[in-house]
Structures are given as C-alpha cells and as structure tokens.
Amino acid sequence: MASSDQGSSGAPKPVPGSYGLPVIGAVRDRLDFYYFQGQDKYFESRVERYGSTVVRMNVPPGPFMAKDPRVVAVLDAKSFPVLFDMDKVEKKNLFTGTYMPSTSLTGGYRVCSYLDPSEPTHTKVKQMLFNLLLSRKDEVIPTFRSNFSSLLATVESELAKAGKAEFNKLNDVTSFDFIGEAYFGVRPSSTDLGSGGPTKAAKWLIWQLHPLVTIGLPMILEEPLLHTFHLPPFLVKGDYKALYKYYSTAGKQALDMAEGLGLSREEACHNLLFATTFNSYGGLKVLFPGLLANIANGGEKLHERLVAEIRGAVAEAGGKVTLAAVEKMELTKSVVWESLRLDPPVKFQYGHAKKDLEIASHDGVFAVKKGEMLFGYQPCATKDARVFGSTAGQFVPDRFVGDEGSKLLQYVYWSNGRETESPSVDNKQCPGKNFVVLVGRLFVVELFLRYDTFTATVGTELLGTSVVFTGVTKATSGPGSE
C-alpha cells in the first residue's frame, strides 16, 4: 500500500467541506452528532455531501468547551494512517481531541496519553509501562482464568435464579479486579477500595469523557450539563484519592522501576493510575461486551468451530491454556481482530500537522497547512469497502485467517497504529496492544472451554454494547467438560 501522502497522481486539491458560521455552525453540528444523525451518519453524510473522504468539518464538543472545533477529517483506510506518523503530526494535549480535561483530574500532571513522543517524560512513562507489562507477563493467563471462570460461574447461578444474567455489570467488577491482580498481584477488592473501585473509576472516566457522550437525557438538559461546560473536578476528588491510594501501595514495584527511569514516584503513580484505569480498564469495559455480542450473533455454527479449535489446541498442550496454545488458534485470533476492527474501544484520533502536508485518499491528494488539526473517525477507516469489500460493515469471523486474511491486518487500526506494527517510546501506539489482543483471545477461550454454545440479547449502553446472557450449554467434551 502507498504511504499516506503518495499514491494518487495530480496536483494536490484543496480539502472540501464547510465549518458554517462561527459558534452557530459548531453548535448545529454538535446537535447533528448527538441527536439528529448520530456518530456514524454524521460522518457518512458529510463524505456523501462533499464527495470526499478527506473533508473539513466541526467535531464535538465545540463551544464553549473547545477553543476550536474545526478539523480536517480523514475517513478512509488510505488517509487515516497519517495520524500515526510522528514525522507529520504532533499529539500534544490531543488524547480526547479538541478539548482537554483539567489536569486536576490527574493530580496536576499531563499524563502520558497527552504527551507527544518528542517530550522526554513520554519516553520515561511509556518505558515504565513496557517494563511493568514485561515483568508480569507470566501472571496474565492464570490470573485471567481465575477471575473470569468465577464471572462465568456467577452467570450460571444468575441464569438458574432469574433466567438471565447481565454481563456488563459482572464484567466491570471482574475486569477491574483482574487488571489490578495481573499488573500488581493485588486485587483491588481485597484492599481498602473494597467493591467500590469500579464505581469510582467509572465516575472519574465520565468526568473526562462527558463532552463526547450522550446518556439519554432530553437534549435541553444534556446540552448544558454535558456538552457546554466541564463538570467540576472537585466532585470526584475523593474517588480519585481512593484510587490513587490503591495504586501507590499495590504498584510499589512499578514505582520503584519508575524512579530508576528518572520519574518521581508521584508523577509515575498518576500515570500508572491513568494507564491502568482509563486505558486498560476503560478498554476492557468496551472490548469484552462487543466481542461477546459478535460471538453471540455469530450463532451455533461459529460456536462449533471455536469449540473444535480451542479444545483441540488446549488438548495438544496437555490440557493447559498456554501462550503457545493460544497462538495456534487462528479463528479465535481472527474473531478478536474482527471485533476490534468493527468496534474499536477508542474511535477518535487527532493530530496537529507539523508542516504543510499532502494527504492521499483513495480518490485524490489534498493539501493541508501546518498547524491544522487532523481528525480520524476510526470506524469509517476500518469499515472501508475499498479494502474490506462488500462485507466491510459485517462481522466476518474468519476474515483474518490464512495468508490472504493476514494481509488485511495492516488496516486494523484500533491501537493508534497498524496491527502489523509495534508500540515503542517513539510512537503513540498503545503500550498494552499485545496485552489487549491476548486477553480478548483468553476471553473466547474461557467461554468455549466451558460452553458448547450460549445465547444472549444484545443492546447498547453509555460506552458501547450491552449483553445479557439468556442461556448456556455446558461443555460436553474436552478440557471444559469435567
């Protein structure tokens, strides 16, 4: 594939699109985004109107929360990767986009997600996170299995009692405990945090993300409450303090390592809290329900194929779930990647052009000036029919299986980089990229070691998909059947 600023002939064209009248245009667009069109239609309608996948538009939240809502949007698989190119874009203070939450929510520090790789602290914090993940790599599989087998046992008891079991609530509690135990060896629920960790974390997350969400209130209430002014940080100060206390104690080894890298314990701890709670936990809150929903909708035929692959690989490994066994599960891997392609945990990407750029889409080359804000809505890029064909918007479980399938992995962008590339201190790709893909696979493995098939109803909630189990058929063969 051509790089993102080559590959289409002819002189660069000006980027089409419109920002409308100052303030009024941005507010009108915000209402389209949240209420009149919804996210997908908002972007698709503008691509259609201007006949281009590189297009000027406003993005929420706009006035009065963001100084400037104007962006150049890159909305196909070819133009999108310019956002990963650190020679072309700067990522300073752009994690949540055109606004930045108060640093009062992160102990007064700009944490790693808001740092550009050119800033020295970025290298130190990202290296701390790499070191932490490496030091705990052998704990991930056993810790995952103990936590999530317990979750599925609860699903079964709730099904027996009520005929249904809400996955999202159970997942919130289990994922929070799992991450704490996997990273630090200390379950949050067994400390002073008790069972309150997930609620405190969710509240703190909402304080940062409320400009980008709608919670189903009437527009006349939501607009002033969520989309016009920041919620005051002091209202979550106590929650944050309790979370910080857990990380400063449980994360002692990671903080010792951080001091060796030249970070203060305090700055390192705020970063550890953010990376673990916002990035990892926030990600699993979205990933697992989305993955479960896709597998539920895939039906019994898919379940049979996954059962055969997973139990076969585990049997070959002597009945154990090992990293080598999981690596052999081609269909399982493909199912996880396909879920990440269709429903990435983070849908928006941003970058300021470091210099005058030429950005190529499938249809042309466009001129962008230094300093302009580039924006990508990832589902447009990862559902690009020019790459993924007529099934681009559908869940195809074995899309990434085999040699032809693996060629498509370069167009899976969920981690703020290509799936075929690796995170480093020099880029903004998610340091936990491989961890996320692994736990996604482990989730599928745990399901089909335990069940031959299952049924569920799928809906939507604040941050994504909601899933309610309605029935499970216990394993009749293989390692899960005893």
Side-chain angles (χ1 to χ4, degrees), residues 91-96 100-101 103 105-117 119-137 139-140 143 175-186 188 193 197-198 200-202 204-205 207-209 239-240 242-287 345-346 414-417 422-439:
K91 296 276 196 171
K92 190 175 180 180
N93 297 341
L94 295 184
F95 179 60
T96 42
M100 181 179 165
T103 54
L105 293 164
T106 48
Y109 290 95
R110 287 169 59 240
V111 290
C112 189
S113 291
Y114 293 96
L115 301 176
D116 186 74
E119 299 179 76
T121 306
H122 179 273
T123 297
K124 294 174 187 175
V125 174
K126 207 160 180 188
Q127 192 59 57
M128 169 185 78
L129 298 173
F130 287 144
N131 292 353
L132 170 64
L133 288 162
L134 188 63
S135 72
R136 300 292 297 171
K137 68 180 192 309
E139 309 302 322
V140 175
T143 305
S175 287
F176 196 78
D177 258 358
F178 157 64
I179 289 168
E181 192 177 350
Y183 287 0
F184 313 117
V186 182
L193 264 181
K200 289 176 166 56
W204 175 71
L205 286 169
W207 250 246
Q208 295 165 84
L209 292 172
D239 301 286
Y240 188 78
L243 292 168
Y244 184 88
K245 186 182 173 193
Y246 164 74
Y247 287 102
S248 64
T249 310
K252 184 183 178 307
Q253 268 183 297
L255 299 176
D256 290 345
M257 282 193 285
E259 282 189 311
L261 293 166
L263 281 169
S264 74
R265 284 186 95 78
E266 187 183 335
E267 184 167 13
C269 192
H270 288 295
N271 271 285
L272 208 51
L273 192 164
F274 191 91
T276 309
T277 307
F278 194 117
N279 302 127
S280 300
Y281 175 59
L284 297 195
K285 272 172 79 74
V286 179
L287 172 66
V346 177
W414 72 272
S415 62
N416 202 3
S422 296
S424 76
V425 295
D426 300 319
N427 65 27
K428 289 301 287 180
Q429 193 165 20
C430 170
K433 169 186 173 249
N434 296 332
F435 170 84
V436 171
V437 173
L438 172 61
V439 296

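The first residue of the sequence shown is numbered 1, and numbering continues consecutively from there. Basis for what follows: all heavy atoms, side chains included, without hydrogens, waters or symmetry-related copies.
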Rounded to the nearest 0.5 angstrom, the CD-CG distance for Gln127 and Leu261 is 6.0 Å
inquiry  = Apply side chain to side chain contact (heavy atoms under 4.5 Å, CB included) to residues Tyr281 and Thr276 and explain how you reach the verdict.
reply    = CA-CA 6 Å; Tyr281 175 59; Thr276 309; 6.0 Å; no
Smallest heavy-atom separation, Lys124 atom then Gly262 atom, equals NZ-O, 3.7 Å
With side chain to side chain contact (heavy atoms under 4.5 Å, CB included) as the test, would you mind laying out the steps for Glu139 and Phe184 before giving the verdict?
CA-CA 10 Å; Glu139 309 302 322; Phe184 313 117; over 6 Å; no
Checking Val436, Leu133, Ile179 against Ser280 for side-chain contact (heavy atoms from CB on, under 4.5 Å), the one that qualifies is Ile179
Review point. Taking atom types as modelled, is there a side-chain donor on Lys91 or Asn427 under 3.5 Å from an acceptor on the other?
Key: no
Between the CG atom in Leu193 and the CG atom in Asp177, the distance rounded to the nearest 0.5 Å is 9.5 Å
Can you tell me if Lys428 uses its side chain to pair, donor with acceptor, with the backbone of Gly417 under 3.5 Å? no
Neighbour count >12 (heavy atoms, 6.0 Å) for atom CD, Glu119 | yes
### Query
Can you check whether Phe176 and Tyr246 have ring centres sitting under 6.0 Å from each other?
no
Within the 4.5 Å heavy-atom criterion, are Leu129 and Asn279 side-chain neighbours or not? no
Are the side chain of Glu259 and the backbone N or O of Asp256 linked by a donor-acceptor pair below 3.5 Å?
no
Checklist line | Check: Met257 and Ser135 side chains under 4.5 Å, non-hydrogen atoms | finding: yes
Interatomic distance, CD@Glu266 vs CG@Leu255, rounded to 0.5 Å, equals 11.0 Å
Closest non-hydrogen contact found for Ser422 with Gln429 is C-OE1, 3.1 Å
*Go through the steps for Val125 and Leu263 under the test side chain to side chain contact (heavy atoms under 4.5 Å, CB included), then give the verdict.*
CA-CA 8 Å; Val125 174; Leu263 281 169; 3.9 Å; yes
Please tell me if the side chains of Pro101 and Tyr114 come closer than 4.5 Å, counting only heavy atoms from C-beta onward. yes
Here the pair of heavy atoms bringing Lys126 nearest to Ser424 is NZ-O, 2.9 Å
For the side chain of Trp204 and the backbone of Leu105, is there at least one donor-acceptor N/O pair under 3.5 Å apart?
yes
| said: Is it the case that the side chain of Arg136 and the backbone of Glu181 share a donor-acceptor pair, with hydrogens and angles ignored and the cut-off at 3.5 Å? | reply: yes
Of all heavy-atom pairs linking Leu205 and Gly282, the shortest is CD1-CA, 4.4 Å
Heavy-atom nearest pair, Leu132 first then Ala254, reads CD1-CB, 4.0 Å
- Close side-chain approach of Val111 to Phe278, heavy-atom, < 4.5 Å: no
*asked:* Could you walk me through whether Gln208 and Phe274 satisfy the side chain to side chain contact (heavy atoms under 4.5 Å, CB included) test, starting with their C-alpha distance in whole Å, then the side-chain angles of each, then the deciding distance to 0.1 Å, before giving a yes or no?
replied: CA-CA 11 Å; Gln208 295 165 84; Phe274 191 91; 3.2 Å; yes
Here the gap from Asn93 atom CG to Ser113 atom OG, rounded to the nearest 0.5 Å, amounts to 11.5 Å
- Query: Should Thr121 and Arg110 count as side-chain neighbours, where that means a heavy-atom distance under 4.5 Å?
  - Reply: no
**Asked** Is Tyr247 close to Thr277 at the side-chain level, that is, under 4.5 Å between some pair of heavy atoms?
**Response** yes
- Query: Does some side-chain heavy atom of Tyr183 sit less than 4.5 Å from a side-chain heavy atom of Leu272?
  - Reply: no
Given the options His270, Lys245, Lys200, Tyr240 meets side-chain hydrogen bond (donor to acceptor under 3.5 Å, both in side chains) only with His270
In short, Thr123 meets Pro117 closest at the heavy-atom pair OG1-O, 4.3 Å
message: Just so I know, are the side chains of Ser264 and Tyr109 near enough to count as touching, which here means a heavy-atom distance under 4.5 Å?
response: yes
